[in-house]
Amino acid sequence: TQTSQFEENIITTEQVAQHNTRESCWIIVHGKVYDVTEFLPEHPGGSRIILKYAGKDATAEYDPIHPPDAITENLPPSKHLGVVDPASVEEKVTEMTEEEKQVAQRHQSKPPLSECLSLHDIETVARYVMADKAWMYYSSGADDEMTMRENHNAYHRIWFRPRILRDVTEVKFDTKILGHSTQMPLYITATALGKLGHPDGELNLTRSAAKNGIIQMIPTLASCSFDDIRGAATPDQVQFLQLYVNKNREVTERIVRRAEKSGIKGLFVTVDAPQLGRREKDMRMKFDDVGSKEQAESGENVDRSQGAARAISSFIDPSLNWNDLKWIFSITKMPIILKGVQCWQDAVMAAKSGCAGVVLSNHGGRQLDFAPSGIEILPEVMAALKHANVDSSSFEVYVDGGVRRASDILKAVALGAKAVGIGRPFIYAYSAYGEAGVNRAMDILRDEFEMCMRLLGARSLDEVTPEMVNAANLTNVDIPRDYLFHSNYERLNGLHGKID
Ligand code: 173
């Protein structure tokens, strides 16, 4: 075929280097040469970032941001020019950037992993060592980050009612999610762009999940390919898939069928992101990336309104609606769970529509600011499901967002959640310490579970019941502090120093 002829073309790096302009722009990604000239105006992240690599190897920049097949999916075969002549590739004396040097130095001076005693400790180290771009992308919430902070704070409004004098010599906290065993009532939830934090990206999570008997939800927008993540799993390891529904339904159908064929056990359809939220920390990094000086010189009108996430999310279909569920059911036998439900009415609709469950989630506070936390709406969701006669053995409710301790998880379980999703803490863990960091986070949670179960007087999760918590204040939201406003506010002229 025409494609294979082109693919066999051998091109030297010198030849590629001559096509380094907007008029003729070639780039190298994973040893292959592509002509992206006509694609420049269509690139969701803007043309400027590609032009920075015109005539060069763009793999390092490309990798964390794009699903591995993004380039082949978006460029017609005629633009796949061939492979790079390996003899022409200079042994690169890899010049580290100033930031890379600083990151390496911080890794040298970070505390040993054994000193991390909580998930908060690990997060602190991640913040210390990580490159700004990665930290800002992972840590950012939407707008004033009220919902993001509330996700964590809400757990502080639930207190225990512990029971005493029960024989707690043996305590167990394993359970099942969608019928599959898990050692703790939690799963690793989907987060995009895993390689921003560590070169092995999501594989750190796959490996640790296997060792710890925990289920991983694979993201649509993983940095590693789906096949690599499945390939890194042990033969019996259970994995779920998170799905962003594409405007091009054929792409989604292909993803779903491939997942089912490869043995994925559940499909979590994200329903809280018809458009991505404004994560301003992330957006600012992008702003830096395309510096104003360059822009002024080129006269190009760079779209600065996007961060890493927004730049690659334009494929998500905002028209997705309840009627589309029928179509999703028609292309797979996997159980369907709606991820991102934020009120009881939608939870009941999901159950009535034949879904296997819902995740009460606001996307880690990254979407609608002032959406309630999952844990806050959990009691009313459970009550509404009961009222609607939904059978709790065939419809499971999960919560994610803000979980940092086993005690948080036990509060959710007490109030009716089957399990919770944990996202950021695990990606911070591998960003700071690789797979060992994730294993440590799992160890910490296991330790906390054992202690909490004993002190609560519960020997198994069946004994963690609604009476064991006092959630009377759960919906009394204390107004979270507005950091952005307070740090920027300038008093009216003349009032400085006159009032506190
Ligand atoms: O939260 C996110 O950042 C996210 O879900 C996403 C969505 C699309 C592209 C990249 C990230």
Side-chain angles (χ1 to χ4, degrees), residues 41-46 49 65-67 70 73-74 133 136-151 189-193 196 217 219-222 241-252 255 267-287 289-290 301-325 327-328 336-343 345-346 349-350 358-374 377 400-401 421 423-424 484:
E42 291 163 36
H43 184 233
I49 186 72
I65 314 275
H66 302 81
E73 296 259 322
N74 283 294
K133 186 166 159 186
M136 296 303 185
Y137 172 66
Y138 288 167
S139 66
S140 201
D143 296 6
D144 294 317
E145 301 188 339
M146 293 290 190
T147 287
M148 188 171 74
R149 285 194 298 283
E150 167 64 4
N151 280 347
T189 196
T191 47
L193 309 191
L196 276 181
M217 189 195 296
T220 297
L221 290 163
L241 180 70
Q242 174 267 340
L243 184 72
Y244 275 121
V245 176
N246 200 303
K247 287 174 188 152
N248 179 348
R249 292 296 152 88
E250 282 168 27
V251 174
T252 294
I255 292 173
L267 191 62
F268 287 68
V269 183
T270 298
V271 290
D272 59 9
Q275 173 184 342
L276 281 212
R278 290 170 52 91
R279 298 96 184 242
E280 292 167 13
K281 289 176 185 152
D282 184 40
M283 290 157 81
R284 256 186 270 288
M285 292 314 293
K286 171 79 185 218
F287 183 90
D289 212 32
V290 293
N301 191 13
V302 176
D303 180 0
R304 293 161 172 221
S305 66
Q306 313 200 357
R310 281 194 152 196
I312 61 167
S313 61
S314 52
F315 73 92
I316 300 173
D317 189 351
S319 83
L320 187 71
N321 65 75
W322 289 101
N323 292 327
D324 293 312
L325 283 182
W327 170 74
I328 299 181
I336 308 294
I337 298 87
L338 301 187
K339 174 177 177 289
V341 168
Q342 300 158 71
C343 67
Q345 290 89 339
D346 285 339
M349 274 174 83
V358 286
V359 186
L360 307 182
S361 169
N362 50 45
H363 209 116
R366 295 161 74 82
Q367 288 297 98
L368 179 64
D369 207 13
F370 291 96
S373 72
I377 61 168
D400 73 22
R424 287 192 187 91
L484 290 180

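Residue numbers count from 1 along this sequence. Please read all numbers here as calculations on a predicted model, not as lab measurements.
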Heavy-atom closest pair, residues Ser361 and Asp400: OG-OD1, 2.6 Å
Checking Pro318 now: which residues fulfil side-chain contact (heavy atoms from CB on, under 4.5 Å) with it, not counting sequence neighbours? Lys247, Pro274
Report yes if some heavy atom in the side chain of Ile328 is under 4.5 Å from a heavy atom in the side chain of Val269; otherwise report no. yes
Run the side-chain contact (heavy atoms from CB on, under 4.5 Å) test on Lys339 and Thr189 for me, step by step, so that the C-alpha distance in whole Å, both residues' side-chain angles and the decisive distance to 0.1 Å come before the verdict. CA-CA 10 Å; Lys339 174 177 177 289; Thr189 196; 3.6 Å; yes
CD/Gln342 to OG/Ser373 distance, rounded to the nearest 0.5 angstrom? 11.0 Å
What residues form a side chain to side chain donor-acceptor pair (under 3.5 Å) with Asp272, not counting sequence neighbours? His363
Going by side-chain contact (heavy atoms from CB on, under 4.5 Å), name the residues that satisfy it together with Leu368, two or more places apart in sequence or in a different chain. Ala371
Please tell me if the side chains of Thr270 and Thr220 come closer than 4.5 Å, counting only heavy atoms from C-beta onward. no
Please evaluate residues Trp322 and Asp346 with respect to the criterion side-chain contact (heavy atoms from CB on, under 4.5 Å), reporting the C-alpha separation (whole Å), side-chain torsions for both, the decisive distance (0.1 Å), and the verdict. CA-CA 10 Å; Trp322 289 101; Asp346 285 339; 3.7 Å; yes
Nearest heavy atoms of Tyr137 and Arg366, plus distance in Å: O-NH1, 2.9 Å
Value for CE (Met349) from SG (Cys343), rounded to nearest 0.5 Å, stands at 9.5 Å
Once side chain to side chain donor-acceptor pair (under 3.5 Å) is applied, do any residues pair with Glu280, and if so which ones, sequence neighbours excluded? none
Test of understanding: with side-chain contact (heavy atoms from CB on, under 4.5 Å), list the residues that count as partners of Val358, not counting sequence neighbours. Leu338, Val341, Ala347, Ala350, Leu360, Phe395, Val397
How close do Asp144 and Asp369 get, counting heavy atoms only, and between which atoms? N-OD2, 3.0 Å
For a side-chain contact (heavy atoms from CB on, under 4.5 Å) check, start with the C-alpha distance between Glu145 and Ser140, then their side-chain angles and the critical distance, and finish with the verdict. CA-CA 8 Å; Glu145 301 188 339; Ser140 201; 4.1 Å; yes
Give, for atom CG of Leu193 and atom NZ of Lys133, the distance between the pair rounded to the nearest 0.5 Å. 9.5 Å
Using the side chain to side chain donor-acceptor pair (under 3.5 Å) criterion, which residues pair with Asp317? Sequence neighbours excluded. Arg249, Ser319
Partner residues of Ala190 under the side-chain contact (heavy atoms from CB on, under 4.5 Å) criterion, sequence neighbours left out: Met217, Pro219, Gln242
Does Gln367 have any side chain to side chain donor-acceptor pair (under 3.5 Å) partners at least two apart in sequence or in another chain, and if so, which? Arg279
Atom CZ of Arg424 and atom CG of Asn151: how far apart are they, to the nearest 0.5 Å? 8.0 Å
To the nearest 0.5 Å, what is the distance between CG on Leu243 and CZ on Phe268? 12.0 Å
Heavy atoms only: give me the nearest Asn246-Thr252 pair and the separation to one decimal. N-OG1, 2.8 Å
Could you tell me if the side chain of Ile255 sits less than 4.5 Å from the side chain of Tyr244, heavy atoms only? no
Taking the side chain as every heavy atom from C-beta outward, state whether Tyr138 and Thr191 have any atom pair closer than 4.5 Å. no
Rounded distance (nearest 0.5 Å) linking atom CZ of Arg278 with atom CG of Leu276: 12.5 Å
